[in-house]
Amino acid sequence: SEERFSRNAESLAILAQDNKSSHQNDHDPMRPYLSSDQLALDTEIKYAKCIRLQMAGLWDETAKLYTIIANRGHPTAQLHLGKQYVHGNGVDEDYVQAYKWFSLSDTAIGKHFIKLISEDMSNEQIKEAKNLVKNFKPVYK
């Protein structure tokens with residue numbers, strides 16, 4: 001239930017605060033959310049909050065949180081953010097941005113979505129999206 005989930009998230013947040021000597025992990029540089037236990041935990045808590053906000057239809061708040069964790073390299077958040085750009089939920093409809101996030105997710109479903117939206121994109125838009133992917137710099141915060 002929602003209450004049990006909130007208690008579990010609070011317990012995890014307390015553990016993260018208590019564990020000030022955050023463990024550093026080897027990770028893919030495009031997935032900085034895996035760089036430390038504390039950042040990974042914070043990312044997963046934010047992701048869980050996004051799911052609840054999305055279910056409530058609070059698209060603006062969902063987009064803000066998905067943007068934070070998508071920039072940390074969370075592949076599922078990148079997929080969801082890409083879908084928000086396709087449908088204009090909480091963000092302006094933008095296939096170039098959607099393409100970027102689908103591509104950065106580096107998933108089979110992301111590739112499928114790229115194939116679908118590419119049919120409605122100009123060559124110039126696809127080129128712009130690929131350039132955004134090439135120049136993407138993940139965020140460690």
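Hydrogens, waters and symmetry mates are skipped; everything else that's a heavy atom, side chains included, is used.
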Non-neighbouring partners of N135 that pass side chain to side chain donor-acceptor pair (under 3.5 Å), sequence neighbours left out: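 Once residues adjacent in sequence are excluded, the partners of N135 under the side chain to side chain donor-acceptor pair (under 3.5 Å) criterion are N131.
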Does a side-chain heavy-atom distance below 4.5 Å link L104 with M30?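 With C-beta onward as the side chain, the pair touches.
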Under 4.5 Å between any side-chain heavy atoms of D37 and L41, yes or no?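 A side-chain contact under 4.5 Å is absent here.
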Are V91 and Y47 joined in one hydrophobic group, where the rule is that I, L, V, M, F, W and Y side chains link up if heavy atoms are under 4.5 Å apart? yes
Would you say L116 ends up clustered with V96 if hydrophobic residues are merged whenever their side chains have heavy atoms under 4.5 Å apart, either directly or through other cluster members? yes
Of the non-hydrogen atoms in [X] and [Y], which two are nearest, and what is the gap between them?
| X | Y | answer |
| --- | --- | --- |
| V86 | A98 | CG2-CB, 3.6 Å |
| I51 | H80 | CD1-NE2, 4.3 Å |
| D120 | Q125 | O-OE1, 4.2 Å |

Using atom types as modelled, flag every donor-acceptor pair under 3.5 Å from a side chain in residues 62-74 to any protein atom, sequence neighbours excluded.
| unit_1 | atom_1 | unit_2 | atom_2 | d |
| --- | --- | --- | --- | --- |
| T62 | OG1 | Q54 | N | 3.4 |
| T62 | OG1 | L58 | O | 2.7 |
| Y66 | OH | Q54 | OE1 | 2.8 |
| T67 | OG1 | A63 | O | 2.7 |
| N71 | ND2 | T67 | O | 2.9 |
| R72 | NE | K141 | O | 2.4 |
| R72 | NH1 | D42 | OD2 | 2.8 |
| R72 | NH1 | T43 | OG1 | 2.8 |
| R72 | NH2 | D42 | OD2 | 3.0 |
| R72 | NH2 | K141 | O | 2.7 |
| H74 | ND1 | A77 | N | 3.1 |
| H74 | NE2 | E44 | OE2 | 3.3 |

Partners passing side chain to side chain contact (heavy atoms under 4.5 Å, CB included) against [X] (at least two apart in sequence or in another chain):
| X | answer |
| --- | --- |
| N89 | W59, Q84, H87 |
| I126 | Y99, S118, M121, K130 |
| T107 | P75, L79, S105, I109 |

Just grab all the salt bridge (Lys or Arg N to Asp or Glu O under 4.0 Å) pairs involving residues 77-90, residues at least two apart or on different chains. none
Salt bridge (Lys or Arg N to Asp or Glu O under 4.0 Å) partners of residues 101-119, not counting sequence neighbours, each pair once: D106-K111
Could you measure the distance from the [atom1] atom of [X] to the [atom2] atom of [Y]? Nearest 0.5 Å is fine.
| X | Y | atom1 | atom2 | answer |
| --- | --- | --- | --- | --- |
| K100 | E128 | NZ | CD | 10.5 Å |
| S103 | K134 | OG | NZ | 13.0 Å |
| T76 | L81 | OG1 | CG | 12.5 Å |

Please identify each residue that fulfils salt bridge (charged side-chain N to carboxylate O under 4.0 Å, His left out) with K127, with sequence neighbours left out. none
Using the test salt bridge (charged side-chain N to carboxylate O under 4.0 Å, His left out), find all partners of D94 that sit at least two apart in sequence or belong to another chain. none
Might you work through the side chain to side chain contact (heavy atoms under 4.5 Å, CB included) test for F136 and W101, ending with a clear yes or no? CA-CA 10 Å; F136 177 76; W101 290 116; 3.8 Å; yes
I117 vs F102, test: side chain to side chain contact (heavy atoms under 4.5 Å, CB included). Steps then yes/no. CA-CA 10 Å; I117 66 172; F102 291 147; 4.0 Å; yes
For Y95, the ring pair (Phe, Tyr, Trp, His ring centres under 6.0 Å) test, sequence neighbours excluded, returns none
